[in-house]
Colleague: 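Here's a structure for you.
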Protein chains: 2
Amino acid sequence: MSLAQIEYFVAVAQEGHVGRAARGLRVAQPAVSRQIRRLEDELGAALFVRTPRGMQLSDAGHVFLAHARAILTSVRDARDALRRERSRT
Amino acid sequence: MSLAQIEYFVAVAQEGHVGRAARGLRVAQPAVSRQIRRLEDELGAALFVRTPRGMQLSDAGHVFLAHARAILTSVRDARDALRRERSRT
DNA sequence: GGAGTTTACGAATGTCGTAACTATC
DNA sequence: GATAGTTACGACATTCGTAAACTCC
């Protein structure tokens with residue numbers, strides 16, 4: 001599990017669409033598609049249900065989404081805290 | 001910033017010692033040393049004060065440690081939640 | 001000289017993008 | 001045939017471990 005995978009996952013969950021998520025992330029579709037699959041493989045759970053229209057969160061996906069957002073928030077908090085500390089002089 | 005870097009950082013912060021941290025992580029010392037430096041470079045802050053005896057947390061390091069632990073806890077929570085969901089059958 | 005950390009370098013791993021493939025409407 | 005996702009493959013980047021170097025007592 002990598003931070004990039006978590007970012008990709010959240011983007012796809014929000015868009016319901018690998019292509020749009022990839023554009024937003026400024027990355028090619030296959031990169032997103034691959035990372036999502038690796039994440040699912042590692043976690044041993046299908047996070048999305050593939051439909052002809054796009055990707056929909058599975059039950060496991062809904063569970064994971066909340067935690068994924070918490071992780072990204074923690075990372076942002078860590079960066080912000082250091083930025084403040086650095087400019088504290 | 002990667003999850004491995006954060007794990008390495010927490011291990012070194014706890015041990016105050018790259019060598020011991022590396023042994024605990026089952027990884028060679030240089031791997032840990034390099035990742036710590038890259039993390040510091042990316043964050044633009046020295047997380048440790050190097051002493052002849054080992055590594056001590058800097059002020060910025062103390063600030064970052066709390067957030068680093070929060071990130072790893074979030075990751076563990078995410079994994080646990082999925083494990084429960086998976087075994088919910 | 002010993003304890004600890006960092007740099008050098010080649011090997012292995014991972015990730016990316018383009019292009020081709022599959023499937024559904 | 002258009003739309004959406006995935007696989008193949010070669011190129012690029014990152015990470016690792018071993019070995020050598022540096023630093024402070």
Side-chain angles (χ1 to χ4, degrees), chain A residues 1-62 64-65 68 71-72 75 78-79, chain B residues 1-62 64-65 68 71-72 75 78-79:
Chain A
M1 171 156 29
S2 74
L3 292 176
Q5 284 172 342
I6 298 172
E7 283 164 19
Y8 290 4
F9 165 75
V10 171
V12 173
Q14 284 172 346
E15 297 286 357
H17 201 281
V18 171
R20 267 196 300 275
R23 272 194 294 280
L25 294 162
R26 305 200 165 264
V27 153
Q29 291 92 336
V32 177
S33 181
R34 274 183 306 239
Q35 293 302 328
I36 296 290
R37 184 161 293 283
R38 291 194 190 205
L39 183 58
E40 289 178 311
D41 285 352
E42 181 193 333
L43 296 173
L47 300 174
F48 292 101
V49 178
R50 273 77 171 168
T51 79
R53 302 273 179 203
M55 317 259 284
Q56 272 194 324
L57 280 175
S58 66
D59 289 352
H62 276 105
F64 190 66
L65 179 58
I71 293 167
L72 296 184
V75 170
R79 283 209 168 90
Chain B
M1 174 158 25
S2 73
L3 292 176
Q5 285 172 340
I6 298 171
E7 284 164 20
Y8 291 4
F9 165 75
V10 171
V12 173
Q14 285 172 345
E15 297 286 356
H17 201 281
V18 171
R20 267 196 300 276
R23 272 195 294 281
L25 293 163
R26 304 200 168 265
V27 153
Q29 290 92 337
V32 177
S33 181
R34 273 183 307 237
Q35 293 301 328
I36 296 290
R37 184 159 292 284
R38 291 194 190 206
L39 182 59
E40 289 178 312
D41 285 353
E42 182 193 333
L43 296 173
L47 301 174
F48 292 102
V49 178
R50 273 77 171 169
T51 80
R53 304 271 180 203
M55 317 258 285
Q56 273 194 323
L57 280 175
S58 67
D59 288 353
H62 276 104
F64 190 66
L65 179 57
I71 293 167
L72 296 184
V75 171
R79 283 209 169 90

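Order of the sequence lines sets the chain letters (A, B, ...), proteins ahead of strands, with each chain counted from 1. Since the structure is predicted, the reported quantities are computational estimates derived from the model, not experimental observations. Excluded from the calculations below are hydrogen atoms, water molecules and symmetry mates; all remaining heavy atoms, backbone and side chain alike, are included.
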Colleague: Is a donor on one side and an acceptor on the other found under 3.5 Å between the side chain of B:Glu40 and the backbone of B:Leu47?
Modeller: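 A pair under 3.5 Å: yes.
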Colleague: Check each residue of residues 13-23 of chain B for a non-hydrogen atom within less than 4.0 Å of any atom in DNA chain C, then write out the ones that pass by number, or none.
Modeller: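 Within this stretch, B:His17, B:Val18, B:Gly19 sit under 4.0 Å of the strand.
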Colleague: Measure from CD on B:Gln56 to C1' on C:dG4 and round the result to the nearest Å.
Modeller: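 It works out to 14 Å between those atoms.
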Colleague: What are the two closest heavy atoms between B:Ala46 and B:Ser58, and how far apart are they?
Modeller: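 Scanning both residues completely, I find the closest heavy atoms to be O-OG, 2.5 Å.
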Colleague: Just how far, in rounded Å, is C1' of C:dT6 from CE of B:Met55?
Modeller: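 Those two atoms, CE and C1', are 10 Å apart.
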Colleague: Quick check on D:dG5: is either OP1 or OP2 less than 4.0 Å from any side-chain nitrogen or oxygen of A:Arg37?
Modeller: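 The answer is no; no side-chain N or O of A:Arg37 sits under 4.0 Å from OP1 or OP2.
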Colleague: Might you point out which heavy atoms bring A:Leu43 and A:Met1 nearest each other, and give the distance in Å?
Modeller: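 Result for this residue pair: CD2-CE, 4.2 Å.
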Colleague: In whole angstrom, what separates B:Arg50's CZ from C:dT6's C1'?
Modeller: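 Computing the B:Arg50:CZ to C:dT6:C1' distance gives 9 Å.
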Colleague: What does the B/S/- profile of nucleotides 12-25 of chain D look like, 5' to 3', with a 4.0 Å heavy-atom cutoff to protein?
Modeller: ---SBBBB----S-
Colleague: Taking atom C1' of C:dT6 as reference, at what distance in whole Å does atom CZ of B:Phe48 sit?
Modeller: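 Rounded to the whole Å, the gap is 15 Å.
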Colleague: Once you round it to whole Å, what is the distance between C1' of C:dT6 and CG of B:Asp41?
Modeller: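 Interatomic distance, CG of B:Asp41 to C1' of C:dT6: 13 Å.
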Colleague: Kindly say if B:Ser33 contacts the phosphate of C:dT6, meaning a side-chain N or O under 4.0 Å from OP1 or OP2.
Modeller: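 Checking C:dT6 against B:Ser33, a side-chain N or O does come within under 4.0 Å of OP1 or OP2.
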Colleague: Can you see which heavy atom on A:Leu57 is nearest to which on A:Ala13, and at what distance?
Modeller: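 It is CD2-CB, 3.9 Å.
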Colleague: Do you know the tightest heavy-atom contact between A:Ala11 and A:Leu25?
Modeller: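 Looking at all heavy atoms of both residues, the shortest contact is CB-CD1, 3.9 Å.
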Colleague: If I compare all heavy atoms of B:Leu39 with all of B:Phe9, which pair ends up nearest, and what's the gap?
Modeller: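 Minimum heavy-atom separation between B:Leu39 and B:Phe9: CD2-CB, 3.9 Å.
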Colleague: Can you name the nearest heavy-atom pair linking B:Tyr8 to B:Val32, along with the distance?
Modeller: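 Closest approach of B:Tyr8 to B:Val32, heavy atoms only: CD2-CA, 3.9 Å.
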Colleague: Write out all pairs satisfying side-chain hydrogen bond (donor to acceptor under 3.5 Å, both in side chains) with one or both partners inside residues 28-37 of chain A, taking only residues at least two apart or from two chains.
Modeller: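 The answer is A:Gln5-A:Gln35.
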